[in-house]
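To start, the structure itself, in structure tokens.
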Amino acid sequence: MDKNELFRNIPKVDVLLERESMRALIDRYGRGLVTETVREQTGRLRETIREAEDAAAAAQAIDGLEQAVADALADLCAPKVRKVINATGTVLHTNLGRAPISRAQAAHLADIVTGYSNLEYDLENGRRGERYAHFEKLLCRLTGAEAAMVVNNNAAAVLLVLSTIASGGEVLTSRGELVEIGGKFRVPDVCQQSGATLREVGTTNKTHFSDYEEAITDQTKAILKVHTSNYRIVGFTESVEASELTELAHGRGIPVIEDLGSGVLVDLEKYGLSHEPTVQESIRAGIDVVCFSGDKLLGGPQAGIILGRKELIARMKRHPLTRALRVDKFTVTALELVLLEYLRPERIAETVPVLRMISEKSGAARARAEELAAMLRASCRRADISVGPCQSQVGGGSLPLERLESAAVIIDPWEMSADALEHAMLRLAVPIVPRVAEDKVLLDVRTIDREEFELTARMLGEVLG
Ligand SMILES: *Cc1c(COP(=O)(O)O)cnc(C)c1O
């Protein structure tokens, strides 16, 4: 094989750029980008020829050059953050973006962020305002707290709260509450970052009132309660009620901080789930500062909501870290919209997608699964399609023991394994993320909106049609 001959067959960059196909690409992507891509791809082609073992493969690579340039440009210019269909049934799937917001909320959000807004402008008095003002009153009304602010996420909230209140002193926390959340958030590490010293009290399974009482010294700047949101200690256990803890702490002039994790504003027992401590309960128990996530059970954007006593919140708003942790207009706008829905709690299971999904009864899920299965039978001829019961999870480190009775469309492909089908589904134009069990692919309908059924059937038809 004459490699020099092959190298000579690679078209020159400026010659290539004159070809019809390249002119079309220049119209679409601009000359600079196309020229750069042509250079990259001809460089790769040289590499391919250098390594090629037979002339046919090398010649084929040369013939494919124009297509390779087009493909590389299409890939480069396509957004990498894409819509996916969540067929896992896990409602707060951290890898899939946690809580979705509703279309109505998204439409309002688009309207605000495509222009200017009064994010930090007080329209009544025509002067600089505060970005928290938009929802501070609302949060206080919904929860009974005196004051509120919001930062980037709940991890940031815990850091800011501890940095403001406990830096340079000691924080008491029960050994049963030294939580690690996914993504390297560990209570002891955050505490250290804040400049406070963690003082562990009690044991893993039991912490008594007297453990806290005896640990308080003149170094103690706060007591921290952490909701063990993503695990449960069961059996021979004891912890101290928030109201007892606040009585003890306030008697000694110490504030109590609570990291609630999920932070629900409505009683989940209404939807047949087990009780999850609500924000209102914490405030009523006298907790001085409560913080929780915006995008877990609340169903809003990623945010860390901080509520509590006016004087403490005012100190946090002035803390230098606040500027580094502040929320932008996307978050402020979306959060206010979601919070407004909570003014009508009786409708919340319709207006907040997360609550709609976790409250769907198994019978309703079954009916929707039958509907999706019928659509799939029409679009996917090369698989057996049935409907069966399954269990979904809340996810996002919330309600770890809870299983929601749900329904799944079960796909048993004829010509490939379930793993191969899953692999193909992740590569669709709109990827579908399923569950795989016993060599079958399961689509748990709990997390698939009815509006996505047609798209799901069409996408799967591309693999199994
Ligand atoms: C999830 C969680 C956090 C972290 O919240 P993010 O909003 O993800 O930063 C902190 N503490 C607890 C108890 C949690 O459950």
Side-chain angles (χ1 to χ4, degrees), residues 90-101 139 148-163 165-166 171 173-194 196 198 204 207 222-233 239 242 256-265 268 273-279 281-282 287 289-308 316 321-322 324-328 330-332 334-335 338-339 354 358 393-402:
T90 299
V91 179
L92 297 171
H93 200 304
T94 298
N95 302 147
L96 303 182
R98 282 198 191 155
I101 60 172
L139 269 170
M149 69 175 292
V150 170
V151 289
N152 196 32
N153 57 19
N154 190 33
V158 177
L159 178 65
L160 176 63
V161 171
L162 290 175
S163 301
I165 295 178
V171 177
T173 302
S174 161
R175 285 202 168 86
E177 299 176 358
L178 297 175
V179 177
E180 172 176 321
I181 314 294
K184 286 278 176 309
F185 173 93
R186 289 178 151 192
V187 168
D189 297 345
V190 178
C191 198
Q192 193 187 3
Q193 275 299 319
S194 74
L198 187 70
T204 307
T207 300
I223 295 178
L224 172 67
K225 251 185 105 52
V226 184
H227 178 45
T228 58
S229 51
N230 60 354
Y231 66 98
R232 293 285 181 269
I233 297 174
S239 60
V256 181
I257 301 163
E258 184 167 26
D259 171 9
L260 267 179
S262 249
V264 284
L265 296 182
L268 293 181
L273 293 148
S274 52
H275 184 76
E276 179 76 359
T278 66
V279 177
E281 284 164 9
S282 297
I287 300 281
V289 177
V290 181
C291 63
F292 56 96
S293 288
D295 60 349
K296 289 186 181 171
L297 287 167
L298 187 76
Q302 178 186 302
I305 298 166
I306 310 173
L307 302 171
M316 285 173 217
L321 254 184
T322 295
L325 305 176
R326 87 175 181 190
V327 282
D328 76 339
F330 290 81
T331 307
V332 168
L335 185 61
V338 172
L339 290 172
V354 164
I358 64 168
Q393 293 182 36
V394 176
S398 308
L399 302 167
L401 304 181
E402 203 80 42

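Counting convention: from 1, in listed order, for ligands and their atoms alike. Everything numeric in this text was worked out from a predicted model, so none of it was measured.
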Please confirm whether Ser293 comes within less than 3.5 Å of ligand 1 when only nitrogen or oxygen atoms on both sides are compared. yes
Close N or O approach (Asp295, ligand 1; < 3.5 Å): no
Point-to-point distance, once rounded to the nearest 0.5 Å, from CG of Leu273 to CD of Glu402: 4.5 Å
Numbered atoms of ligand 1 (with element) below 4.0 Å of Gly261, judged on heavy atoms: 12 (C), 13 (C), 14 (C), 15 (O)
Among Leu159, Val158, Ile165, find the residue that satisfies the side-chain contact (heavy atoms from CB on, under 4.5 Å) test when tested with Leu162. Val158
Show the atoms of ligand 1 that are less than 4.0 angstrom away from any heavy atom in His227. 13 (C)
Taking Gly176's backbone N and O only, do any of them form a donor-acceptor pair with Ser174's side chain (distance below 3.5 Å, no angle check)? yes
Can you confirm, on distance only, whether ligand 1 has an N/O atom lying under 3.5 Å from any N/O atom belonging to Val179? no
Residue and atom name of the nearest protein heavy atom (relative to atom 9 (O) of ligand 1), distance in Å to one decimal: Ala155 N, 2.9 Å
Please lay out, stage by stage, how Ile358 and Leu399 fare under the test side chain to side chain contact (heavy atoms under 4.5 Å, CB included). CA-CA 11 Å; Ile358 64 168; Leu399 302 167; 5.5 Å; no
Identity and separation of the nearest protein heavy atom to atom 14 (C) of ligand 1: Lys296 NZ, 3.0 Å
More than 12 heavy atoms of other residues, nucleotides or ligands under 6.0 Å from CZ of Arg175: yes or no? yes
Is a donor on one side and an acceptor on the other found under 3.5 Å between the side chain of Asn154 and the backbone of Ala157? no
Of all the heavy atoms in Arg98, does at least one lie under 4.0 Å from an atom in ligand 1? yes
Students should be able to answer this: which protein heavy-atom is nearest to atom 15 (O) of ligand 1, and at what distance? Ser229 OG, 2.5 Å
Non-hydrogen atom of Gln302 closer than 4.0 Å to ligand 1: no
When Ile257 is tested against each of Val161, Thr173, Ile223 for side-chain contact (heavy atoms from CB on, under 4.5 Å), which residue passes? Val161
So, does Asp328 use its side chain to make a donor-acceptor pair with the main chain of Thr331 at under 3.5 Å? yes
Per-residue contact class, Asn154 against ligand 1 - non-hydrogen pairs under 4.0 Å: both
For atom 11 (N) of ligand 1, grab the closest protein heavy atom and report residue, atom and distance to one decimal in Å. Asp259 OD2, 2.6 Å
